[in-house]
Participant: 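The following block contains the structure, expressed as structure tokens.
Computed from heavy atoms alone, side chains included, the values below leave out hydrogens, waters and symmetry copies.
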Amino acid sequence: MGSVWRFLFENREAITFFLALAGFVMSAGNSAFLIYKNRRRVKVLWKSVSVAEHLPKHPVMLEAIIENHSAQPIALSRIFLVLDRCRYEFEWIPQVCFTSSYRIGKEILNQQVMLSMQLPISLAGIAATGGFLYVNTDDDLTIEMLKIGDAQIEFCTSKGTFSTKLPLAVFDVNHCADNAQDYCTN
């Protein structure tokens with residue numbers, strides 16, 4: 001037992017150096033792990049897109065599910081549709097996207113109104129939200145122009161900005177949100 005104490009006493013500086021080095025490596029590893037764990041990991045699932053060509057300013061309505069895969073909360077403050085170097089900002093105030101009613105004669109038995117999501121959107125850690133995004137565009141915009149053009153959605157978040165392309169699959173005529181697969185972009 002005495003030889004162990006003598007070895008530790010004689011090599012104090014080397015042992016102190018290796019303990020400091022081990023502490024630095026563990027601290028750097030912990031910092032890297034926390035940065036990796038708390039980075040922005042937002043996934044957007046596009047369900048459908050529609051253009052109301054019969055209305056002025058041809059509003060575009062996108063149905064999306066936005067998921068936060070990070071443990072930290074995130075806020076989506078602004079969202080833009082970028083199409084052929086034109087930027088259109090999505091509405092902050094909820095807009096009527098779709099309405100449906102069930103009637104018998106003149107009597108309305110049931111009525112549903114689908115509103116767009118209100119911005120800004122706050123997502124808690126490991127959470128999701130879904131709904132419609134509504135944006136007014138130019139009077140000459142058509143669904144074909146969205147298909148042909150380089151349509152991107154730009155998200156401004158509390159952790160920086162990122163953009164995603166609208167996949168061509170959401171423009172499919174036979175697309176049905178109830179039984180179709182999700183079209184994902186990161």
Participant: Kindly give the cluster partners of Ile126, where membership spreads through any ILVMFWY side chain lying under 4.5 Å from a current member.
Facilitator: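 The other cluster members (ILVMFWY side chains, heavy atoms under 4.5 Å, direct or chained): none.
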
Participant: When you compare the side chains of Glu63 and Ser48, does any donor N or O come within less than 3.5 Å of an acceptor on the partner?
Facilitator: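 Yes, a side-chain donor-acceptor pair sits under 3.5 Å.
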
Participant: Quick one: name the residues clustered hydrophobically with Leu109, using the 4.5 Å side-chain heavy-atom rule over I, L, V, M, F, W, Y, and just say none if it's on its own.
Facilitator: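 Under the 4.5 Å side-chain rule, Leu109 groups with Tyr102, Ile104.
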
Participant: Running the 4.5 Å side-chain criterion over Ile, Leu, Val, Met, Phe, Trp and Tyr, what cluster does Ile93 land in, apart from itself?
Facilitator: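 The other cluster members (ILVMFWY side chains, heavy atoms under 4.5 Å, direct or chained): none.
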
Participant: Please, which pairs that meet salt bridge (charged side-chain N to carboxylate O under 4.0 Å, His left out) have at least one residue in residues 64-85, sequence neighbours excluded?
Facilitator: Arg78-Glu89

Participant: Applying ring-ring contact (aromatic ring centres under 6.0 Å, His included) as the test, list every pair that has at least one member in residues 129-157; sequence neighbours left out.
Facilitator: Phe98-Phe132, Phe155-Phe162

Participant: Could you work out, with side chain to side chain contact (heavy atoms under 4.5 Å, CB included) as the rule, every residue matching Leu55, not counting sequence neighbours?
Facilitator: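 Leu55 satisfies side chain to side chain contact (heavy atoms under 4.5 Å, CB included) with Ala52, Pro59 once adjacent residues are dropped.
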
Participant: Applying the 4.5 Å side-chain criterion to the ILVMFWY set and letting contacts propagate, would Met61 and Leu166 be lumped into a single cluster?
Facilitator: no

Participant: If the condition is salt bridge (Lys or Arg N to Asp or Glu O under 4.0 Å), which residues does Arg103 pass it with, not counting sequence neighbours?
Facilitator: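 Arg103 satisfies salt bridge (Lys or Arg N to Asp or Glu O under 4.0 Å) with no other residue.
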
Participant: Within the 4.5 Å heavy-atom criterion, are Val49 and Ile143 side-chain neighbours or not?
Facilitator: yes

Participant: Would you mind listing every ring-ring contact (aromatic ring centres under 6.0 Å, His included) that reaches into residues 13-45, with sequence neighbours excluded?
Facilitator: none

Participant: Do His58 and Asp138 pass the side-chain contact (heavy atoms from CB on, under 4.5 Å) test, and can you show the C-alpha distance, the side-chain angles, and the key distance before you say yes or no?
Facilitator: CA-CA 6 Å; His58 292 194; Asp138 296 332; over 6 Å; no

Participant: Can you list every pair that meets ring-ring contact (aromatic ring centres under 6.0 Å, His included) and has a residue in residues 70-91, with sequence neighbours left out?
Facilitator: none

Participant: Any ring-ring contact (aromatic ring centres under 6.0 Å, His included) involving residues 105-127? Give me the pairs, sequence neighbours left out, ordered by first then second residue.
Facilitator: none

Participant: Evaluate Thr137 against Leu83 for side-chain contact (heavy atoms from CB on, under 4.5 Å), listing each step before the verdict.
Facilitator: CA-CA 10 Å; Thr137 60; Leu83 180 65; over 6 Å; no

Participant: Identify, with sequence neighbours excluded, every residue that meets side chain to side chain contact (heavy atoms under 4.5 Å, CB included) alongside Ala71.
Facilitator: Lys37, Asn38

Participant: Would you mind listing the cluster partners of Leu115? Hydrophobic ones only (ILVMFWY), side-chain contacts under 4.5 Å, chaining allowed.
Facilitator: Val96, Val113

